[in-house]
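Each remark here refers to the structure printed beneath this line.
Given the structure is predicted, the values throughout are model-derived calculations rather than measurements.
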Amino acid sequence: QVQLVESGGGLVQPGGSLRLSCAASGSIFSINAMGWYRQAPGNQRDLVAGITWRGITNYADSVKGRFTVSRDSAKNTVYLQMSSLKPEDTDVYYCNADVLTYGRGTHDYWGQGTQVTVSS
């Protein structure tokens with residue numbers, strides 16, 4: 001099994017910054033990619049930013065130039081630096097990892113979600 005633990009969400013004013021972290025642990029042989037998704041109640045879960053373990057990144061158009069995704073391979077951790085936050089960035093943010101585990105193949109795993117609220 002693989003566990004993803006997120007941290008760093010909270011309340012921030014428009015124009016402010018937040019940094020999310022997500023650490024993966026458990027029966028990890030290797031990580032192919034990790035990323036961040038967000039979801040508002042009643043909506044689908046959408047990709048915000050992703051990064052392969054080789055360092056290739058991709059972003060939703062709505063966050064390009066404002067958000068930066070990075071990873072620390074030694075710590076099996078992915079980060080999302082969010083700047084110039086807007087009220088429309090308010091959502092629950094979920095960490096996702098594509099992991100090759102010991103003896104169980106490759107699977108997708110999800111964190112529990114962390115709330116980000118942008119409001120004055």
Let me check something: do [X] and [Y] share a hydrophobic cluster, defined by ILVMFWY side-chain heavy atoms less than 4.5 Å apart, either directly or through other members?
{"X": "Val92", "Y": "Val78", "result": "no"}
{"X": "Leu47", "Y": "Trp110", "result": "yes"}
{"X": "Leu100", "Y": "Tyr102", "result": "yes"}
{"X": "Val12", "Y": "Trp36", "result": "yes"}
{"X": "Leu85", "Y": "Tyr79", "result": "no"}

For [X] and [Y], which heavy atoms make the closest approach, and how far apart are they?
{"X": "Val48", "Y": "Val63", "result": "O-CG2, 3.6 Å"}
{"X": "Gly9", "Y": "Leu18", "result": "C-CD1, 4.5 Å"}
{"X": "Lys75", "Y": "Thr77", "result": "O-OG1, 2.9 Å"}

Main-chain N/O of [Y] paired with [X] side-chain donor or acceptor, under 3.5 Å:
{"X": "Arg66", "Y": "Ser84", "answer": "yes"}
{"X": "Asp91", "Y": "Ala40", "answer": "yes"}
{"X": "Glu6", "Y": "Gly113", "answer": "yes"}
{"X": "Tyr59", "Y": "Val69", "answer": "yes"}

So do the side chains of [X] and [Y] get within less than 4.5 Å of each other, counting heavy atoms only?
{"X": "Met82", "Y": "Tyr93", "answer": "yes"}
{"X": "Leu80", "Y": "Thr68", "answer": "no"}
{"X": "Val2", "Y": "Ile28", "answer": "yes"}
{"X": "Pro87", "Y": "Ser119", "answer": "no"}
{"X": "Asn32", "Y": "Thr52", "answer": "no"}
{"X": "Trp53", "Y": "Ser73", "answer": "yes"}
{"X": "Tyr109", "Y": "Gln3", "answer": "no"}
{"X": "Met34", "Y": "Cys22", "answer": "yes"}

**Message:** For a side-chain contact (heavy atoms from CB on, under 4.5 Å) check, start with the C-alpha distance between Ser70 and Gln81, then their side-chain angles and the critical distance, and finish with the verdict.
**Reply:** CA-CA 8 Å; Ser70 61; Gln81 179 67 47; over 6 Å; no
**Message:** As an exercise, state the distance from OG of Ser25 to CG of Leu4, rounded to the nearest 0.5 Å.
**Reply:** 8.0 Å
**Request:** Go through the steps to decide whether Ile31 and Asn76 satisfy the test side-chain contact (heavy atoms from CB on, under 4.5 Å), and finish with yes or no.
**Result:** CA-CA 8 Å; Ile31 296 177; Asn76 288 337; 3.6 Å; yes
**Message:** Among Arg38, Lys86, Glu88, which residue satisfies the side chain to side chain donor-acceptor pair (under 3.5 Å) criterion with Ser62?
**Reply:** Arg38
**Asked** Centres of the Tyr94 and Tyr37 rings: under 6.0 Å?
**Response**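 Between Tyr94 and Tyr37, the centre distance exceeds or equals 6.0 Å.
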